[in-house]
Amino acid sequence: MSMMLETPEMPAVFDGMKLAAVAAALYVIVRCLNLKSPTAPPDLIYQDTAINSFLLKSCPLLTKEYIPPLIWGKSGHIQTALYGKMGRVSSPNPYGLRKYLTMPDGATATFDLFEPLAEHCTGESVTMVICPGIANHSEKQYIRTFVDYAQKNGYRCAVLNHLGALPNIELTSPRMFTYGCTWEFGAMVNYIKKTFPQTRLIVVGFSLGGNIVCKYLGEAATNQDRVLCCVSVCQGYSASRAQDTFLQWDQCRRFYNFLMADNMKKIILSHRHALFTDNRINKVFEDSVLSRLYTATSLMQIDDTVMRKFHGYKSLKEYYEAESCVRYLHNIHVPLLLVNSVDDPLVHESLLSIPKTLAAKKENVMVALPLHGGHLGFFEGAVLFPEPLTWMDKLLVQYANAMCQWERNKPQCLDKDAAQSENS
């Protein structure tokens with residue numbers, strides 16, 4: 001009898017469990033996709049100068065809301081994963097010429113040169129010298145998308161291919177790219193300056209490339225000759241400060257560390273003949289290094305086992321301190337825009353104190369911190385599907401255009417600001 005009385009209540013119990021499961025699933029989705037996060041303009045840190053006032057007027061993307069795709073765009077992980085997996089949507093194939101430069105140690109540096117597809121807004125020759133992210137090159141989709149957009153806005157583009165990153169280019173010396181070696185980038189810049197003596201330069205670096213270009217500019221004052229400005233996107237500024245955060249599991253950084261380490265292992269092992277064989281006079285590695293490389297699960301282990309030895313550093317600490325741009329940033333005197341997303345899962349928030357402090361001390365530095373974008377994502381779109389061009393692509397060209405206009409009209413701009421100050 002009691003069984004008969006309880007039976008009708010069972011469907012209600014199951015319905016309650018379903019509702020609870022749906023509610024729990026929705027809660028997880030909202031949390032994981034960060035749907036409650038607001039959209040807002042980038043947080044800007046800068047000093048009140050004439051050039052910064054001009055930039056804020058001429059570069060509206062710095063002061064407008066960055067609105068990512070509604071469903072998934074507020075998740076830094078999804079933005080980063082999409083960048084890492086597919087790069088960009090409907091990526092174009094710009095035509096460029098590959099250049100080969102022989103370095104003093106016998107290494108062969110390569111870069112791709114893309115001519116402008118339209119006249120620049122100032123009518124002058126302006127070249128973007130671009131350094132991609134870790135193990136990247138000119139054939140990556142995010143680079144192709146940006147180059148195509150820059151070409152259509154009148155820019156010549158020179159894109160460095162990191163030493164050892166291109167799968168069809170063999171190493172000609174027992175050395176690969178490292179975290180902060182500027183030799184190949186410097187050789188590319190010198191080639192551009194010599195080949196196009198009238199051109200002005202816009203320096204652009206993505207992720208690890210941001211570290212390299214900032215370090216290059218700060219290494220010598222002459223490296224800043226003919227440079228209009230520099231833009232760094234999503235770099236970490238200090239490898240020695242970042243290494244501990246890369247071993248932490250919050251924001252899945254340890255997992256990203258493993259994935260990047262696995263990719264680096266594949267690249268190094270693809271060049272094992274050049275790096276590990278015995279028939280080279282200047283052999284860098286012993287056979288035991290190869291076995292340690294196979295078992296490495298983090299970038300730090302690979303850097304300690306292999307990368308630091310390319311330049312003879314005695315310890316990982318010495319390598320990270322010497323190759324980080326944080327030691328050179330104060331030497332940069334050209335306008336410098338540093339862009340980092342707040343939800344970048346690879347760059348810990350503690351590292352953002354470096355650009356913030358720099359912008360508070362130096363008039364030529366502006367820092368832009370959008371809430372969303374992940375690591376080199378910055379996708380835009382209405383609800384689900386992203387647009388081919390990202391907020392980052394548009395911002396870099398808009399900022400470059402503004403800097404070119406400032407350089408061309410600098411006397412008029414300064415006179416206008418002075419007149420406004422007197423009237424006020």
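Everything numeric in this text was worked out from a predicted model, so none of it was measured.
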Check: [Y] main-chain N/O paired with [X] side-chain donor or acceptor under 3.5 Å:
X: R253; Y: T245; result: yes
X: K215; Y: C181; result: no
X: S238; Y: R241; result: yes
X: T145; Y: S91; result: no
X: Q79; Y: G73; result: yes
X: K356; Y: I45; result: no
X: D344; Y: N340; result: no
X: T172; Y: T108; result: yes
X: E323; Y: G180; result: yes
X: Q301; Y: S298; result: yes

What do you reckon, is [atom1] of [X] surrounded by more than 12 foreign heavy atoms closer than 6.0 Å?
X: D48; atom1: CG; value: no
X: E321; atom1: CD; value: yes
X: F258; atom1: CZ; value: no
X: E115; atom1: CD; value: yes
X: Y313; atom1: OH; value: yes
X: E170; atom1: CD; value: no

Hey, is [X] close enough to [Y] for a salt bridge, meaning N to O under 4.0 Å?
X: E387; Y: R88; result: no
X: R175; Y: D105; result: yes
X: D148; Y: R144; result: no
X: R98; Y: D112; result: yes

Would you say the rings of [Y] and [X] are close, in the sense that their centroids are separated by under 6.0 Å?
X: F111; Y: Y100; value: no
X: H372; Y: W391; value: no
X: Y83; Y: F378; value: no

To the nearest 0.5 Å, what is the distance between [atom1] ([X]) and [atom2] ([Y])?
X: T63; Y: L55; atom1: OG1; atom2: CG; answer: 11.0 Å
X: D343; Y: S37; atom1: CG; atom2: OG; answer: 7.5 Å
X: N257; Y: Q243; atom1: CG; atom2: CD; answer: 10.5 Å
X: F177; Y: L171; atom1: CZ; atom2: CG; answer: 10.5 Å

To check you understand the geometry: which heavy-atom pair defines the closest contact between [X] and [Y], and what is its length?
X: L228; Y: R200; answer: CD2-NH2, 3.5 Å
X: T110; Y: L160; answer: O-CD1, 3.8 Å
X: C131; Y: H162; answer: SG-CE1, 3.5 Å
X: N52; Y: E363; answer: ND2-O, 3.7 Å
X: A118; Y: K152; answer: CB-O, 3.5 Å
X: A239; Y: S324; answer: N-OG, 2.9 Å

Practice problem: Dump the intermediate steps for side-chain contact (heavy atoms from CB on, under 4.5 Å) on Q235 and S207, then the final yes or no. | Solution: CA-CA 4 Å; Q235 70 150 306; S207 192; 5.8 Å; no
Are side-chain N/O atoms of [X] and [Y] paired as donor and acceptor at under 3.5 Å?
X: D304; Y: Y319; value: no
X: S125; Y: R156; value: yes
X: H77; Y: S75; value: no
X: D393; Y: Y142; value: no
X: R254; Y: T297; value: yes

Practice problem: Show your reasoning for whether side-chain hydrogen bond (donor to acceptor under 3.5 Å, both in side chains) applies to E380 and T390. | Solution: CA-CA 6 Å; E380 290 185 310; T390 68; over 6 Å; no
- Query: Can you find a pair of side-chain heavy atoms, one from L163 and one from F310, that are under 4.5 Å apart?
  - Reply: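 They are not in contact (no side-chain heavy atoms under 4.5 Å apart), so the answer is no.
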Out of the candidates V129, V189, N211, only one should pair with Y216 under the side chain to side chain contact (heavy atoms under 4.5 Å, CB included) rule; please name it.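 Filter result, single survivor: V189.
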Side chain to side chain contact (heavy atoms under 4.5 Å, CB included) with L336: of V365, V213, V203, V231, only one passes, and it is V365
**Prompt:** Run the side-chain hydrogen bond (donor to acceptor under 3.5 Å, both in side chains) check on S138 and N161 step by step: do they pass?
**Reply:** CA-CA 6 Å; S138 62; N161 301 308; 3.0 Å; yes
task: For side-chain contact (heavy atoms from CB on, under 4.5 Å), just list the numbers for L376 and T80, CA-CA rounded to whole Å, side-chain angles, deciding distance to a tenth of an Å, and then say yes or no.
output: CA-CA 7 Å; L376 295 181; T80 302; over 6 Å; no
Check: Taking it one step at a time, do V367 and L358 satisfy side-chain contact (heavy atoms from CB on, under 4.5 Å)?
Finding: CA-CA 9 Å; V367 176; L358 185 72; over 6 Å; no
*Begin from the C-alpha positions of L62 and Y46 and carry the test side-chain contact (heavy atoms from CB on, under 4.5 Å) through to its verdict.*
CA-CA 12 Å; L62 286 171; Y46 62 94; over 6 Å; no
